Amino acid sequence: MAELKLYDTLTREKRLFAPLDPARGVRMYVCGPTVYDFAHIGNARPVIVFDVLFRLLRHLYGADHVTYVRNITDVDDKINKRAFERWTHERPLTAEIRALTDQTLAQFHADVDALGCLRPTHEPRATDFVCRPEPSALDMVKIIERLIARGHAYVEQGHVLFDVPSMPAYGRLARRSLDEMVAGARVDVAPYKRDPMDFVLWKPSDPEKEPGWESPWGFGRPGWHIECSAMSGALLGEMFDIHGGGIDLVFPHHENEIAQSCCAFGTERMANFWMHNGFLMVEGEKMSKSLGNFITIRELLASDRFGGQNWVGDVLRLAMLKTHYRQPIDWTVEGLNESTNTLDDWFRLAAPDQPAEPSPAVIAALSDDLNTPKTIAELHALRNHIRVPQQGQDAEELGRNLAFLGFDRAQFAAWQKGREHAVLQALGGIDEADIGRLIAARLAARKARNFAESDRIRDELAAKGIALMDAKDPATGELTTTWKVAR
RNA sequence: GGCCUCGUGGCGGAGUGGCUACGCAGCGGACUGCAAAUCCGUGUACUCCGGUUCGAAUCCGGACGAGGCCUCCA
């Protein structure tokens with residue numbers, strides 16, 4: 001088996017990976033979306049990156065020996081606010097919230113399916129893990145009770161707070177000491193906090209406008225971080241192999257998860273490897289609503305807001321994987337165009353209908369901390385060995401690797417076809433049959449060595465953005481002409 | 001203010017203490033009536049200043065620049 005090396009944010013080093021408990025397989029948890037609105041392209045990065053890791057792990061350890069959990073945050077103040085705003089009082093507020101989160105989750109699934117991502121093994125919803133009746137079923141309330149019992153949390157004015165000073169190792173992931181953080185002085189001071197760094201595990205809810213659950217501390221709802229401790233604990237165990245997410249989650253989210261899980265379970269570590277993907281910029285600028293460059297996955301797939309056209313999931317996927325996951329990535333129209341051309345070339349040469357099976361060189365590249373740029377270079381090397389398009393071992397090997405990496409030839413081809421149609425529609429008064437007739441007329445003119453006429457037809461089509469390509473049939477030597485939309 | 005990351009050729013983007021990826025664009029050639037497409041070939045790099053070393057773009061220190069986190073955020 002190839003050696004898998006992964007970078008661990010906690011120790012800041014690349015280490016050899018091995019499952020903590022081979023009998024339980026590889027266990028991975030990745031922070032998923034808060035379902036209140038369309039996911040943006042920055043949200044797509046961890047989804048794609050950890051999908052590639054999931055595929056790699058399944059290949060290395062067997063599909064049945066990898067458990068991938070990606071949570072759905074469906075209790076959150078942004079959700080509450082959004083649901084309350086659109087609430088018409090025709091149904092209970094909780095039903096309104098559920099409708100909003102169901103709808104957003106369906107959108108999210110459609111988006112990530114289009115991006116070629118496999119569904120995780122489990123996609124737990126936070127609301128299903130607040131309070132579970134069976135005594136043995138781990139949930140948020142039970143973790144909070146354990147934290148209180150162990151002296152790591154306290155109740156104050158209906159809130160339960162994590163007692164940060166009670167955990168000496170707090171701050172290890174983010175590499176910052178308590179003194180430094182307090183010196184930052186931008187922490188939220190609240191009367192119910194003993195220490196400014198203490199964070200909320202449970203808070204009271206207003207039954208009129210907020211969702212809530214009955215608990216030993218009154219009607220309320222969980223704080224942001226506790227859901228991940230509960231769901232990872234319930235589905236993966238007290239310690240598991242890999243915990244992933246965006247780098248901006250390192251502090252405070254993951255730091256607080258570690259504090260909760262380790263203090264509740266009495267463990268040294270929560271995850272053996274902490275993996276964080278880098279930040280995404282759009283055309284060199286931070287993506288933000290105020291700059292007007294905020295872009296959702298859906299807008300990229302189904303509108304012309306970015307670059308004046310829509311894009312297919314495969315292009316977004318390749319564009320994302322061209323940069324190593326820990327590097328910052330600049331999301332540009334030029335990058336999407338380049339990815340489009342690369343896929344066009346690969347699919348032109350790769351043999352169709354191949355099973356998903358990676359080459360050793362691809363596995364080796366991915367096994368080096370998910371080096372996807374190196375992986376892509378291996379694909380280019382393979383591509384350069386292909387002598388006859390779609391035929392021979394190299395063409396089959398390229399096809400197998402593309403399938404393994406989650407690229408979908410049919411989806412890409414359908415999109416290309418759609419773009420052609422759109423261009424022809426925009427031209428108006430010309431369709432594929434017309435083009436076929438013009439091509440035939442040009443071939444006839446060429447045969448008659450009437451080059452003025454044949455060039456005139458070619459120029460006429462070129463002016464409309466249709467490029468002609470001549471080729472000789474290798475068998476008959478007959479001249480054939482194909483066309484494509486030149487953009 | 002504190003902490004962290006990064007700075008590679010025209011562009012994108014890996015990697016490495018000595019053999020200097022890869023892709024796009026450019027350039028040259030083949031093919032073509034001429035093109036396009038395709039195929040073959042090809043130049044250019046490691047922000048700056050010190051230090052360690054036989055040797056550094058790669059390690060160390062500093063400067064400058066970019067970004068992130070410290071508050072919701074992938």
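Letters A, B, ... are given to chains in the order of the sequence lines, protein chains preceding strands, and every chain is numbered from 1. Not measured: the values here are computed from a predicted model.
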[X] side-chain N/O to [N] phosphate OP1/OP2 under 4.0 Å:
{"X": "A:Arg172", "N": "B:C3", "answer": "no"}
{"X": "A:Trp224", "N": "B:C73", "answer": "yes"}
{"X": "A:Arg458", "N": "B:G33", "answer": "no"}
{"X": "A:Lys286", "N": "B:C69", "answer": "yes"}

Exercise for the section: At under 4.0 Å between heavy atoms, which parts of nucleotides 19-25 of chain B does protein reach? Answer with one letter per nucleotide, 5' to 3': B base, S sugar-phosphate only, - none. Expected result: --BSBS-

Practice task
Check each residue of residues 312-325 of chain A for a non-hydrogen atom within less than 4.0 Å of any atom in RNA chain B, then write out the ones that pass by number, or none.
Solution key: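 Nucleic-acid contacts, sorted: A:Lys322, A:Thr323, A:His324.
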
Exercise for the section: May I ask you to list the residues of residues 40-49 of chain A, by number, that have any heavy atom positioned under 4.0 Å from an atom of RNA chain B? Expected result: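 A:His40, A:Gly42, A:Asn43, A:Pro46 - these, ordered by number, are the residues of the stretch whose heavy atoms sit under 4.0 Å from the strand.
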
Measure [atom1]/[X] against [atom2]/[N] and give the value in whole Å, please.
{"X": "A:His225", "N": "B:A74", "atom1": "NE2", "atom2": "P", "value": "13 Å"}
{"X": "A:Phe294", "N": "B:C73", "atom1": "CZ", "atom2": "P", "value": "13 Å"}
{"X": "A:Ile297", "N": "B:A74", "atom1": "CD1", "atom2": "P", "value": "11 Å"}
{"X": "A:Leu366", "N": "B:A14", "atom1": "CG", "atom2": "P", "value": "14 Å"}
{"X": "A:Arg175", "N": "B:G68", "atom1": "CZ", "atom2": "P", "value": "22 Å"}
{"X": "A:Leu370", "N": "B:G13", "atom1": "CG", "atom2": "P", "value": "17 Å"}
{"X": "A:Phe108", "N": "B:A74", "atom1": "CZ", "atom2": "P", "value": "10 Å"}
{"X": "A:His276", "N": "B:C6", "atom1": "NE2", "atom2": "C1'", "value": "18 Å"}

Handout entry: Between A:Thr34 and A:Asp76: side-chain donor-acceptor atoms closer than 3.5 Å
Key =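 Note: A:Thr34 and A:Asp76 side chains miss the donor-acceptor criterion.
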
Practice task
Please determine, by modelled atom types, if A:Asp198 and A:Tyr192 share a side-chain donor-acceptor pair under 3.5 angstrom.
Solution key: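 No, because no side-chain N or O of A:Asp198 sits under 3.5 Å from a partner of the opposite role on A:Tyr192.
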
Practice task
Check whether the ring centres of A:Trp202 and A:His159 lie less than 6.0 Å apart, and answer yes or no.
Solution key: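 Between A:Trp202 and A:His159, the centre distance exceeds or equals 6.0 Å.
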
What interatomic distance, in whole Å, is found between [atom1] of [M] and the corresponding atom of [N]?
{"N": "B:A63", "M": "B:G7", "atom1": "C1'", "value": "13 Å"}
{"N": "B:G55", "M": "B:C19", "atom1": "C1'", "value": "14 Å"}
{"N": "B:C34", "M": "B:G23", "atom1": "C1'", "value": "30 Å"}
{"N": "B:A57", "M": "B:G18", "atom1": "C1'", "value": "12 Å"}
{"N": "B:G50", "M": "B:C40", "atom1": "P", "value": "45 Å"}
{"N": "B:G29", "M": "B:U20", "atom1": "P", "value": "27 Å"}
{"N": "B:A56", "M": "B:G17", "atom1": "C1'", "value": "6 Å"}
{"N": "B:C49", "M": "B:A37", "atom1": "P", "value": "42 Å"}

Problem - Result of checking A:Trp331, A:Phe294, A:Phe306 against A:His40 for ring-ring contact (aromatic ring centres under 6.0 Å, His included) - result: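 The option that passes is A:Phe294.
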
Practice task
Check every strand shown and say whether A:Leu468 touches a base, only sugar-phosphate, or nothing at a heavy-atom separation below 4.0 Å.
Solution key: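 The answer is base, as A:Leu468 lies within the cut-off (heavy atoms under 4.0 Å) of a base atom.
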
Measuring from the side chain of [X] (C-beta onward, heavy atoms only), which nucleotide among [options] has the closest atom?
{"X": "A:Arg12", "options": "B:C4, B:A35, B:A74", "answer": "B:C4"}
{"X": "A:Arg446", "options": "B:G33, B:C72, B:A74", "answer": "B:G33"}
{"X": "A:Gln327", "options": "B:G33, B:C40, B:A14", "answer": "B:A14"}

Problem - Row check, A:Trp415 ring normal vs A:Arg419 NZ/CZ: under 6.0 Å, within 45° - result: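 A:Arg419 over A:Trp415 ring: yes.
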
Practice task
Using the six-membered ring of A:Tyr7, assess whether NZ or CZ of A:Arg326 lies under 6.0 Å from its centre and within 45 degrees of the ring axis.
Solution key: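 Positive - A:Arg326 is close enough to the ring of A:Tyr7 and near enough to its axis.
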
Completion exercise
Its dot-bracket string being built from Watson-Crick and G-U pairs below 3.5 Å, with | for another strand and [ ] for crossing, RNA chain B has the pattern (((((((..(((.....[...))).(((((.......)))))....(((((..]....))))))))))))....

Show which side-chain atoms of residues 270-283 of chain A pair as donor or acceptor with protein atoms under 3.5 Å away, not counting sequence neighbours.
from: A:Asn272; atom 1: OD1; to: A:Arg269; atom 2: NH1; distance (Å): 3.4
from: A:His276; atom 1: ND1; to: A:Thr9; atom 2: OG1; distance (Å): 2.7
from: A:His276; atom 1: NE2; to: A:His254; atom 2: ND1; distance (Å): 2.8
from: A:Asn277; atom 1: OD1; to: A:Gly246; atom 2: N; distance (Å): 3.4
from: A:Glu283; atom 1: OE2; to: A:Val333; atom 2: N; distance (Å): 2.9

Practice task
For A:Gln393, look at atom CD and say whether over 12 heavy atoms of other residues, nucleotides or ligands are found less than 6.0 Å away.
Solution key: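 No, the 6.0 Å shell around CD holds no more than 12 heavy atoms from other groups.
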
Return all side-chain donor-acceptor pairs below 3.5 angstrom for residues 160-167 of chain A, not counting sequence neighbours, or 'none' if the list is empty.
from: A:Ser166; atom 1: OG; to: A:His152; atom 2: ND1; distance (Å): 2.7
from: A:Ser166; atom 1: OG; to: A:Asp163; atom 2: O; distance (Å): 2.6

Practice task
Look at the side chain of A:Asp470 and the base of B:A35, then say whether one donor and one acceptor between them are separated by less than 3.5 Å.
Solution key: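 A donor-acceptor contact between them is present.
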
